[in-house]
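Step one of this worksheet: look at the structure below.
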Amino acid sequence: MKLVSELKLNQMVLIDGKLFKAIETIRHGGYGKVGGFITLKLRDILTGSESERKFNFDDKIEDAPLSRRNMEFLYKEADDYIFMDSETFEQVSIDKIILGNAALFLIENHTYQIELYKEKPVGVVLHDSITLKILETAPPTRGASDSVWKEAKLENGLDILVPLFIAPGDSVRVDTKTGKYISRSEKSH
């Protein structure tokens, strides 16, 4: 058990026996004798449905007992993402709904830590950032203001905003939580 106020984004918790991922936390400060509260936006791992629940700051919530295993991402088939255990060669599939935005950042033949709940895959652990190549963007403009941005399409299909000096073919670091540009990079992946 842990305090709701200590819960981190993308952490898995058990509520009423169901497995949820915390996808957003909103803190509401109290005033006078009225205490504050936290609104959690939760995604049901089995159904993919989202809901909101209110908790007091001192409420406790049950951590989901998860284990992790290294698995290689092999390929995507319809809405299923196929991974292979590097030791046993067992293959498992994870639905796109369960992966959420993490599916955008998976690269074939790369190894990831897969989160398991009762030996069933329920998520993937990503690095905080990933390096991807720019497929399409307007030609670079040198000497322009750093506060002006342009649209760019990445090799994974994601559209992001990048500074004007970025050119097609450049590699950039992208935040895997927000999907936003961090910096230019020298190499891809």
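Note that the numbering runs from 1 along the sequence shown for the chain.
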Check: [Y] and [X] side chains under 4.5 Å, non-hydrogen atoms:
| X | Y | result |
| --- | --- | --- |
| Tyr181 | Leu161 | no |
| Asp85 | Arg69 | yes |
| Val122 | Leu19 | yes |
| Val124 | Ile94 | no |
| Tyr112 | Val125 | no |
| Ile107 | Asn156 | no |

**OP:** Look at the side chain of Lys150 and the backbone N and O of Ala138, then say whether any donor-acceptor pair between them is shorter than 3.5 Å.
**Re:** yes
Subject >> Where Asp128 and Lys177 come nearest, the two heavy atoms and their spacing >> reply: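 So the minimum-distance heavy-atom pair works out to OD1-NZ, 2.9 Å.
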Heavy-atom count around [X] [atom1] within 6.0 Å, excluding the residue itself: above 12?
| X | atom1 | answer |
| --- | --- | --- |
| Lys153 | NZ | yes |
| Glu6 | CD | yes |
| Lys2 | NZ | yes |
| Gln91 | CD | yes |
| Asn101 | CG | no |

Original post:
How long is the span from the NE2 atom in His110 to the NE2 atom in His127, to the nearest 0.5 Å?
Top reply: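 Atom-to-atom, His110:NE2 and His127:NE2 are 8.5 Å apart.
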Original post:
From Gln113 CD over to Asn70 CG, what is the distance, rounded to the nearest 0.5 angstrom?
Top reply: 5.5 Å
Original post:
Is there a salt bridge (Lys or Arg N to Asp or Glu O under 4.0 Å) between Arg68 and Glu115 once you walk through the steps?
Top reply: CA-CA 5 Å; Arg68 291 184 177 178; Glu115 293 179 311; 3.4 Å; yes
**OP:** Evaluate the salt bridge (Lys or Arg N to Asp or Glu O under 4.0 Å) criterion for residues Lys96 and Asp80: first the C-alpha distance (whole Å), next the side-chain angles of each, then the deciding distance (0.1 Å), finally the verdict.
**Re:** CA-CA 6 Å; Lys96 183 179 181 177; Asp80 290 330; over 6 Å; no
Original post:
Are the aromatic ring centres of Phe55 and Phe37 under 6.0 angstrom apart?
Top reply: no
